[in-house]
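Notes follow once the structure below has been shown.
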Amino acid sequence: ADLIAITGDIFDRDPTVIGPAAARLAGLRARLGVYAVLGNHDAYAGKDAVAAALTAHAPDIRLLRGEIALAATSPPLAIAGIDDPGDEWRVTPEGARDLEAVARKRAGRHPCLLLVHRPDVFPEAAAAGFALVLSGHYHGGQIAVPGSRGAANVARLISRYYDGVHGIGPSRLHVTRGVGCAGPRLRIACPPEISLIELVGPD
């Protein structure tokens with residue numbers, strides 16, 4: 001891949017694994033860089049502990065915490081990212097404030113990709129002019145009714161943005177199922193996913 005995006009939940013509640021696991025992530029390489037944001041499970045492990053471990057053991061991973069980085073494309077591609085507020089079921093005022101703050105920094109200068117763990121902020125992100133939002137959080141439901149192709153799962157009761165591609169006006173959201181699990185280490189009719197996305201310019 002030219003660029004790797006990690007959309008949160010890198011770690012879970014056990015702080016003892018953060019250092020060794022961050023060292024394993026140091027093997028990720030991409031021509032335009034590796035970018036990450038923190039998810040709610042990273043918050044449970046300790047946001048500052050996770051950030052410190054990545055800095056110490058995987059310094060080539062750019063952790064975006066309310067920041068915007070510029071990838072060396074022509075024209076430059078801006079990559080924005082915000083922390084997940086850590087609340088389990090809803091978008092909190094903290095999360096909304098962080099999105100507003102990073103949107104102000106964007107100022108429309110370059111095409112901008114937003115990394116945010118929780119996809120439910122997509123309407124606000126689209127209104128702020130982000131062309132593409134990459135998220136995760138729901139694991140696609142993780143456990144679905146077999147034969148439903150993942151469509152019949154509990155995540156659908158929580159959010160319409162539990163998986164796949166969504167659009168509002170010219171903005172697009174991609175929600176990955178991710179590679180891990182929350183709660184039971186089990187997936188049914190909802191396989192893990194690493195998404196490959198090709199960005200095409202207007203020409």
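When reading the values below, keep in mind they use all heavy atoms of this one structure, side chains included, and skip hydrogens, waters and symmetry mates.
Across all their heavy atoms, Pro20 and Val17 have their closest contact at CD-O, 3.5 Å.
In this structure, Asp42 contributes its side chain and Asp9 its backbone to a donor-acceptor pair below 3.5 Å. Without hydrogens or angle criteria, Glu193 side chain to Val179 main chain gives no donor-acceptor distance under 3.5 Å. A donor-acceptor pair under 3.5 Å links the side-chain atoms of Ser135 to the main chain of Val116, judged by distance alone. For the pair Gln142 (side chain) and Val154 (backbone), a donor-acceptor distance under 3.5 Å is absent. Panel note: side chain Lys47, backbone Asp84; a donor-acceptor pair is recorded below 3.5 Å. Side chain of Asp12 to main chain of Asp14: no donor-acceptor pair is present (N/O by atom type, distance under 3.5 Å, no hydrogens or angles). A donor-acceptor pair is defined here as one N or O able to donate and one able to accept, closer than 3.5 Å; no such pair exists between the side chain of Asp83 and the backbone of Pro85.
If you take CD1 on Ile61 and CD1 on Ile4, they are separated by 8.5 Å, rounding to the nearest 0.5 Å. Note that the CG atom of Leu134 and the OG atom of Ser195 stand 8.5 Å from one another [nearest 0.5 Å]. Atom CG in Leu199 sits 13.0 Å away from atom CZ in Arg172 (nearest 0.5 Å).
Partners of Asp48 by side-chain contact (heavy atoms from CB on, under 4.5 Å), not counting sequence neighbours, listed by chain and number: Arg65. Every side-chain contact (heavy atoms from CB on, under 4.5 Å) that Ala69 has, sequence neighbours left out, goes to Tyr35, Arg62, Leu64.
Each of Leu99, Leu173, Ile68 was scored for a side chain to side chain contact (heavy atoms under 4.5 Å, CB included) with Leu114, with one residue passing: Leu99.
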Where do His139 and Arg187 land on the side chain to side chain contact (heavy atoms under 4.5 Å, CB included) test, with the steps shown first?
CA-CA 9 Å; His139 304 215; Arg187 283 180 177 265; 3.9 Å; yes
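Applying the ring-ring contact (aromatic ring centres under 6.0 Å, His included) test to residues at least two apart or on different chains, the pairs with a partner in residues 165-201 are Tyr161-His166.
By the 6.0 Å contact criterion, CG on Leu157 is enclosed, its count of non-hydrogen atoms from other residues, nucleotides or ligands being greater than 12.
Of the charged side-chain nitrogens involved, at least one lies within less than 4.0 Å of a carboxylate oxygen, so that Arg177 and Asp163 count as a salt-bridged pair.
Using a 4.5 Å heavy-atom cutoff, the side chains of Asn40 and Arg118 are in contact. Residues Ser171 and Val133 are not in side-chain contact: their nearest non-hydrogen atoms beyond the backbone lie 4.5 Å or more apart.
Of the N and O atoms on the side chains of Asp120 and Tyr138, at least one donor lies less than 3.5 Å from an acceptor on the other residue.
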